[in-house]
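Here is the structure we will look at, set down as structure tokens.
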Amino acid sequence: MKREHILVIRFSALGDVAMTVPVVWAVATQYPDIHITVLSKKTARPLFEDLAPNVSFMEADLQKEYRGIKGLNALYRRLVAKQFTKVADLHSVLRSDYLRMLFNLGRYRVEHIDKHRGLRRQLVSDKNKVKQQLPTSFENYADVFARLGYPVEINQFHSIFPAEGGNLNLLPKEVGPKKDFEQWIGIAPFAAHKGKVYPLQSMEEIIFQLTRKYPKARIFFFGRGRQETKYFGLWCAQYRQCLNVGKYCENIYQELILMSHLDVMLSMDSANMHLASLTATPVVSIWGATHPYAGFMGFKQSEENAIQTDLDCRPCSIFGNKPCRRGDYACLEGIKPEQVIERVGAVIG
């Protein structure tokens, strides 16, 4: 009998791809006789490379090599050569829809994610808002595999690393070993959209207070980009306990190793929340325009550690990419630094 070989499609932002990891791991470990190939962007490779013996990774650049209809046709021909038996579309956007159509025409067994768009519209509606917990992304992903004939228990996943965490010897000397008396605190203060970014003046107050409260702590800043470079440089110059991770770590895999040794990660509703979750690190998350009800809370993260302001207008956006209806971003401005520091302290214990 031919061995089952499932193609898993998920491009999009790194945080969305990271949320597939516990589900792919669950399918791979609970059905060891099947093979799984994850198709995604190059940056996602470290998440899957050593996930399970029967999981492979395949990268595709949809912006250059496989751009447009012609490119997708070429990608389809490349995929067909791999002799997949089933296809799990965990993305369901125009590009993956087109690939899915080609696979359907080729009489493959294909299933795709249900994003519950109607429930999402009710959740962010200006009028007649319905505030209720939607199915999580993990549940939505697992449903796709269940419809392909592979129901799974996803909560067995713990971390992409062993219980002791990743190998710190693989990190730059600037990180160094973790001393017994140190607390390691990660901070990822940025996100893709303004509606998800805590005011930077208040974030600096948090950093200042943490250095006072935990004088032997080390604070690691996560994030890469123009704003990150600017503010991390200023904060590292001002507070000697701080380190800009992006300046020294060469890739995401090194950052994941470091995350696995943090006592806590302070993050927005962003990719770093999900990356830290994959290393079993507790995350204190700050939520503004978005809401955990939309189903994007980090894997196995405690609701107690999700800091948010209770406003009638929240959430106003699923992804945080819409302008504030009030114009004042009260959802973020209303969160006091003391609330965040208290919650971080509760996690550190």
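Contacts of H291 classified as side chain to side chain donor-acceptor pair (under 3.5 Å), with partners at least two apart in sequence or in another chain: Q308. Here Q156 pairs with W25, Q30, E153 under the side chain to side chain contact (heavy atoms under 4.5 Å, CB included) rule; sequence neighbours left out. With sequence neighbours excluded, no residue satisfies side chain to side chain contact (heavy atoms under 4.5 Å, CB included) with R226. Remark: Y253 engages P46, F161, L170, N251, I257 in a side chain to side chain contact (heavy atoms under 4.5 Å, CB included) (not counting sequence neighbours). Taking E65 as the reference, nothing meets the salt bridge (Lys or Arg N to Asp or Glu O under 4.0 Å) condition, with sequence neighbours excluded. Partners of K194 under the side chain to side chain contact (heavy atoms under 4.5 Å, CB included) rule, at least two apart in sequence or in another chain, are Y329. Residues that satisfy the side chain to side chain donor-acceptor pair (under 3.5 Å) test with D16, not counting sequence neighbours, are S12. Residues that satisfy the ring-ring contact (aromatic ring centres under 6.0 Å, His included) test with H112, not counting sequence neighbours, are absent from this structure.
Residue pairs that meet the ring-ring contact (aromatic ring centres under 6.0 Å, His included) test with at least one member in residues 208-227, sequence neighbours left out, are W184-F220, F221-F232, F221-W235. Identified under the salt bridge (Lys or Arg N to Asp or Glu O under 4.0 Å) test for residues 174-183, with sequence neighbours left out: K178-D263. For residues 257-280, no residue pair satisfies the ring-ring contact (aromatic ring centres under 6.0 Å, His included) rule, not counting sequence neighbours.
With hydrogens and angles ignored, the 3.5 Å screen pairs no side-chain donor or acceptor of R343 with any backbone N or O of V284.
In this structure, Y239 and I207 have side chains that are in contact, with non-hydrogen atoms separated by less than 4.5 Å. Two residues are said to be in side-chain contact when any heavy atoms from C-beta on lie closer than 4.5 Å; E111 and D89 fail this criterion. Side-chain contact between S270 and F190 is absent, with no heavy-atom pair separated by less than 4.5 Å. Side-chain contact check for V23 versus F157: every heavy-atom pair is 4.5 Å or farther apart. Inter-residue side-chain proximity for V8 and T20 is flagged as unmet; no heavy-atom pair is nearer than 4.5 Å. N305 places none of its side-chain heavy atoms less than 4.5 Å from the side chain of V283.
No hydrogens or angles considered: a donor-acceptor pair under 3.5 Å links the side chains of Q209 and E205. In this model, no donor atom of one side chain and acceptor atom of the other lie less than 3.5 Å apart for T136 and N140.
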So I185 and I348, side-chain contact (heavy atoms from CB on, under 4.5 Å) or not? Walk me through it.
CA-CA 9 Å; I185 301 171; I348 291 176; 3.8 Å; yes
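Grouped with L105 in one hydrophobic cluster are L7, I9, F11, L39, M58, L62, Y66, I69, L72, L75, Y76, L79, V80, F84, V87, Y98, L99, M101, L102, F103, Y108, V110, the linkage being side-chain heavy-atom contacts under 4.5 Å among Ile, Leu, Val, Met, Phe, Trp and Tyr residues.
Here CZ of R314 is found 6.5 Å from NZ of K131. Values are rounded to the nearest 0.5 Å.
Comment: D61 does not engage K64 in a salt bridge, judged by the lack of any side-chain N to carboxylate O separation of less than 4.0 angstrom. A salt bridge is defined here as a Lys NZ or Arg NE, NH1 or NH2 lying under 4.0 Å from an Asp or Glu carboxylate O, and K86 with E4 meets this definition.
Taking each heavy atom of R224 and E250 in turn, the nearest pair found is NH2-C, 4.1 Å.
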